[in-house]
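In what follows, a structure is listed as structure tokens, so that the remarks can point back to it.
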Amino acid sequence: MRVVCVAEKNSIAKAVAGILGGGRLARRDSSSKYIKNYDFTFEFPFAGQCDVTMTAVAGHLSGMDLDASHGWGKCPIPAVFNAPIIDIRTKDQEKIAQNIRKECRNADFLMIWTDCDREGEYIGWEVVQAAISSNAGLERNTYRAIFSHLEPRHIIHAAKNPKQLDLRAVDAVRTRMEVDLRSGVAFTRFLTELLASKVERASDPKNKQRPVISYGTCQFPTLGFVVDRHERIRRFVSESFWFIQVGVANGADETFFQWERVHLFDRLAVAVIYESCVETAGSIAKVSDLKSKSTTKYRPLPLTTVELQKNCSRFFKMSAKTSLEAAEKLYQKGFISYPRTETDIFPSNMDLKALVEQQTLDPRWGSYAQTLLAETTSNRFKWPRSGKNDDKAHPPIHPIITCGSGLENDNERKVYEYVTRHFLACCSEDAKGHLTTMTIEWGYEQFTANGLVVLERNFMDIYFWAKWETTKQLPALTVGQEIQLSSHVMKDGKTSPPNQMTEAELILLMDANGIGTDATIAEHIEKIQQREYITKKKINKQTYLIPTILGISLVHGFEEIGLEDSFAKPFLRRQMEVDLKLICEGEKRKLQVIDDLISRYQLYYGVTSRNQNKLVEVYNHIRRTVT
DNA sequence: GCAAGGTC
């Protein structure tokens, strides 16, 4: 019997073949340069001892488009909402499909080994379609391996206990694809026809070439976040506040105590309170409470893609796209694990100590890794904390092998260093400290001061971006003791506007609102820059994302015609995610959801086209008022 | 010339 196994990418095919083949496998080239075929033998429960070929695809095996008669300019735009849809392949995808057809021609069974997530299920279905086009019998002889990591016993168990593809997940992905395509194409054509000839290129006003003004279910909410922040800053009105601050002599120094009420926006009220304190207590206060407790600063959670992008942006000022590209290169060279993951829990049977061992020779952190393993100090190897996310496809990002000083590319070196330090920090002890809080009463008001002593730095020795430092010591006083204040004043201040949006914040917002995925968040940010909806601006070493006139106008334009919530906010995309989950759970049907969402977009299209003058007016207005 | 999602 002959079995063909297909993974989502070559690296998984190679690893799984290595495990199932027990080291005895032959490697053949395929018609695609990305894909190898691995031959070995394995005993499957459904077919006994078999000749096996393990191969892979490289992500999706096809894409979607409208049929040729509905190209740009060939049909009225609203026809896009119900035009026939065709599956298309790029040249690379065609080569990969060709390999699948060829390998499956004389196969008795097909086993799908794509990632166990929603897109993986769909890719598995695409593989089945390609396979049955050359061997129809496989339709009834297809299995699906369920696995979530590459530990050998787990993989063998998956091979011995095959299941079936989850067709509901396939339906859910098909739904997303169709809704994204129809809404994206329709509104992109509409906005481009309406505005492209009227907008001035932010980057180059002399450039008269018509830009594309695109709409996408992820692009617009992403833009919405940036514009929203910009508007909050623009509309911000500073408010004055007043507060009371008291000080106590502490050796040659003075310790200031924070008012329990922090601050109030009523000057007279603060003045009255202040005067009453002076009247009742003069400059004498009393220690009313003294609390002392051990405290911990937690080591980081296992590393996900979103966290990697956020922190590379913070620590190295690297864009999300750049850090993901560098991580991708490091992965291809075998230095780090797969870089696109949502998982922040290490599988319990992974040999993490062996990975720490790998790092003991590195001049930068080798001695730290040795200390962890030696277990002679309090900072010994400790199994990482577990987060709450598991994508069932990939483990958290971690270093695989040490790269010494062998990385010439600056970004790759930084990302490798970050991944490794983060990993070692995950396997370390939390930092330990001691926190003392002193409360003093002056008049009828309470004031507090904190004193922190960091006792053990532990993971912070390797993860030096974490800030947690010993503060000045509190004055030596006991509860009930009366003290002479060294100062008491009423002060004022002003509330300050929020900062402009950083890329790290935008990534956080997108992730929290389900806009894009670990693999695509960076692309969406990149896309709205390329469309000139936002631009990067450097202010004092920090890079901020600022919306352009066009970006602001698009958001306000849809606001003006009452469609803000559907277009520039994350709600609609999130609603679709909810519906996709319901499809996966069998609670809703694909056709019903598509119909529902497409009807809504048709409705919005009607509103938008009836109010198109308003979109233009908003653009012209904002352009006049800003420049 | 249009989307978002995989992966290289």
Side-chain angles (χ1 to χ4, degrees), chain A residues 7-13 32-36 56-66 70-75 77 79-81 83 85 87-93 95-96 114-115 117-127 169-170 172-194 196-197 209-222 305 324-325 327-333 338-341 391 393-394 510 514-528 530-531 573 576-577 580 597-598 601:
Chain A
E8 188 161 320
K9 45 195 162 275
N10 183 61
S11 63
I12 300 280
S32 160
K33 63 182 169 182
Y34 305 117
I35 307 297
K36 304 287 179 220
V57 289
H60 281 278
L61 199 48
S62 62
M64 253 187 193
D65 206 351
L66 304 179
H70 290 81
W72 197 320
K74 290 186 184 159
C75 69
I77 295 174
V80 163
F81 290 117
I85 281 177
D87 288 315
I88 49 163
R89 288 202 174 108
T90 63
K91 274 187 185 155
D92 281 342
Q93 286 173 331
K95 282 181 187 164
I96 296 168
T114 47
D115 295 351
D117 52 25
R118 209 166 65 194
E119 295 294 327
E121 222 59 29
Y122 183 82
I123 294 169
W125 181 81
E126 290 180 305
V127 170
V170 174
V173 171
R174 196 86 190 160
T175 303
R176 175 194 60 70
M177 293 171 81
E178 187 171 332
V179 172
D180 284 343
L181 175 68
R182 293 193 194 278
S183 62
V185 169
F187 281 93
T188 298
R189 289 181 189 172
F190 176 82
L191 289 173
T192 305
E193 303 296 347
L194 179 69
S197 55
Q209 201 194 354
R210 246 171 52 142
V212 170
I213 300 178
S214 62
Y215 166 79
T217 53
C218 288
Q219 291 175 34
F220 259 51
T222 304
T305 308
L324 191 56
E325 276 170 5
E328 175 72 36
K329 286 268 164 53
L330 290 166
Y331 157 69
Q332 283 164 26
K333 292 176 186 171
Y338 191 67
R340 285 183 280 272
T341 176
D391 65 16
H394 306 283
M510 293 174 73
I515 301 302
T517 69
D518 47 15
T520 61
I521 279 177
E523 289 173 31
H524 298 311
I525 299 175
E526 193 70 15
K527 176 71 81 181
I528 61 172
Q530 186 193 328
R531 295 281 185 246
R573 179 79 201 186
M576 178 159 87
E577 278 300 321
L580 297 185
L597 287 167
I598 294 301
Y601 273 106

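Predicted model, so just to flag it, every value in this text is computed and none were measured. Values below: every heavy atom of this structure, side chains too, minus hydrogens, waters and symmetry copies. Below, chain A is the first sequence line, B the second, and so on; all start at residue 1.
Atom pair A/Tyr601:OH and B/dA3:P shows a separation of 13 Å (rounding to whole Å applied). Rounded to a whole Å, the CD atom of A/Glu526 is 14 Å from the P atom of B/dA3. Per the geometry, OH belonging to A/Tyr122 stands 12 Å off C1' belonging to B/dA4, to the nearest Å. Atom CG of A/Leu324 is separated from atom C1' of B/dG5 by 14 Å (rounded to the nearest Å). In this structure, A/Lys527 places its NZ atom 8 Å from C1' of B/dA3, rounding to the nearest Å. If you measure from atom CZ of A/Arg340 to atom P of B/dG6, you get 9 Å, rounded to the nearest angstrom. What separates CG of A/Leu181 from P of B/dA3 is a distance of 10 Å, to the nearest Å. The separation between A/Leu580 atom CG and B/dG5 atom P is 11 Å, rounded to whole Å.
In this structure, A/Thr341 OG1 and A/Asp518 CG are separated by 7.0 Å, a value rounded to the nearest 0.5 Å.
Checked against B/dG6, B/dC8, B/dG1, the side chain of A/Arg210 finds its nearest nucleotide in B/dG1. Nearest nucleotide to the A/Tyr338 side chain, out of B/dG5, B/dT7, B/dC2: B/dT7. In the set B/dG5, B/dT7, B/dC8, B/dC8 carries the atom at the smallest distance from any side-chain atom of A/Tyr331. The side chain of A/Val185 lies closest to B/dC2 when the candidates are B/dT7, B/dC2, B/dG6. Listed nucleotides: B/dC8, B/dC2, B/dA3. Nearest to the side chain of A/Met64: B/dA3. Nearest nucleotide to the A/Glu119 side chain, out of B/dG6, B/dC2, B/dT7: B/dG6. Listed candidates were B/dT7, B/dG1, B/dA4. Nearest to the side chain of A/Ala58 is B/dT7. Side-chain atoms of A/Arg531 lie closest to B/dC2 of the nucleotides B/dC2, B/dG1, B/dG5. Listed nucleotides: B/dC2, B/dA3, B/dG6. Nearest to the side chain of A/Thr520: B/dG6. Side-chain proximity of A/His524 to B/dG6, B/dA4, B/dC2: nearest is B/dA4.
Residue A/Glu523 is classed as a base contact, given a heavy-atom separation below 4.0 Å to a base. A/Arg174 comes within contact range of no nucleotide atom at all, as no heavy-atom separation falls under 4.0 Å. Residue-level contact check: A/Gly184 touches the backbone only, with heavy atoms under 4.0 Å from sugar-phosphate atoms and none from bases. When heavy atoms are screened at a 4.0 angstrom cut-off, A/Asp65 is found touching base atoms of the nucleic acid. No engagement by A/Thr114 is indicated, since no non-hydrogen atom pair under 4.0 Å with the nucleic acid exists. In this structure, A/Glu126 reaches neither bases nor backbone, as no heavy-atom distance under 4.0 Å exists between it and the strands shown. Nucleic acid contact class of A/Gly516 (heavy atoms, under 4.0 Å, all strands): sugar-phosphate only. Among the protein residues, A/Tyr215 comes within range of the sugar-phosphate backbone only, with heavy atoms under 4.0 Å from sugar or phosphate atoms but none that close to a base.
Take the nearest nucleotide of DNA chain B for A/Ile96 and for A/Glu178: the residue whose nucleotide is more 5' is A/Glu178. Along DNA chain B, the nucleotide closest to A/Thr517 and the one closest to A/Ser183 are compared, and the more 5′ of them pairs with A/Ser183.
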Quiz prompt | Derivation and outcome, side chain to side chain contact (heavy atoms under 4.5 Å, CB included), residues A/Ile85 and A/Leu66 | solution = CA-CA 5 Å; A/Ile85 281 177; A/Leu66 304 179; 4.2 Å; yes
Exercise. Using the side chain to side chain contact (heavy atoms under 4.5 Å, CB included) rule, take A/Thr222 and A/Met510 through it: C-alpha gap first, then chi angles, then the decisive distance, then the call.
Key: CA-CA 7 Å; A/Thr222 304; A/Met510 293 174 73; 3.3 Å; yes
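Classified by interplanar angle (parallel below 30°, tilted 30° to 60°, perpendicular above 60°), the ring pair A/Phe81/A/Phe187 is perpendicular.
A donor-acceptor pair under 3.5 Å is formed between the side chain of A/Thr192 and the backbone N or O of A/Ile213. With hydrogens and angles disregarded, a donor-acceptor distance shorter than 3.5 Å links the side chain of A/Arg182 to the backbone of A/Ala83.
Screening A/Leu181, A/Thr217, A/Leu580 for a side chain to side chain contact (heavy atoms under 4.5 Å, CB included) with A/Arg176, the sole residue that qualifies is A/Leu580.
Within the structure, every side-chain polar atom (N or O) of A/Arg182 is placed at least 4.0 Å from both OP1 and OP2 of B/dA4.
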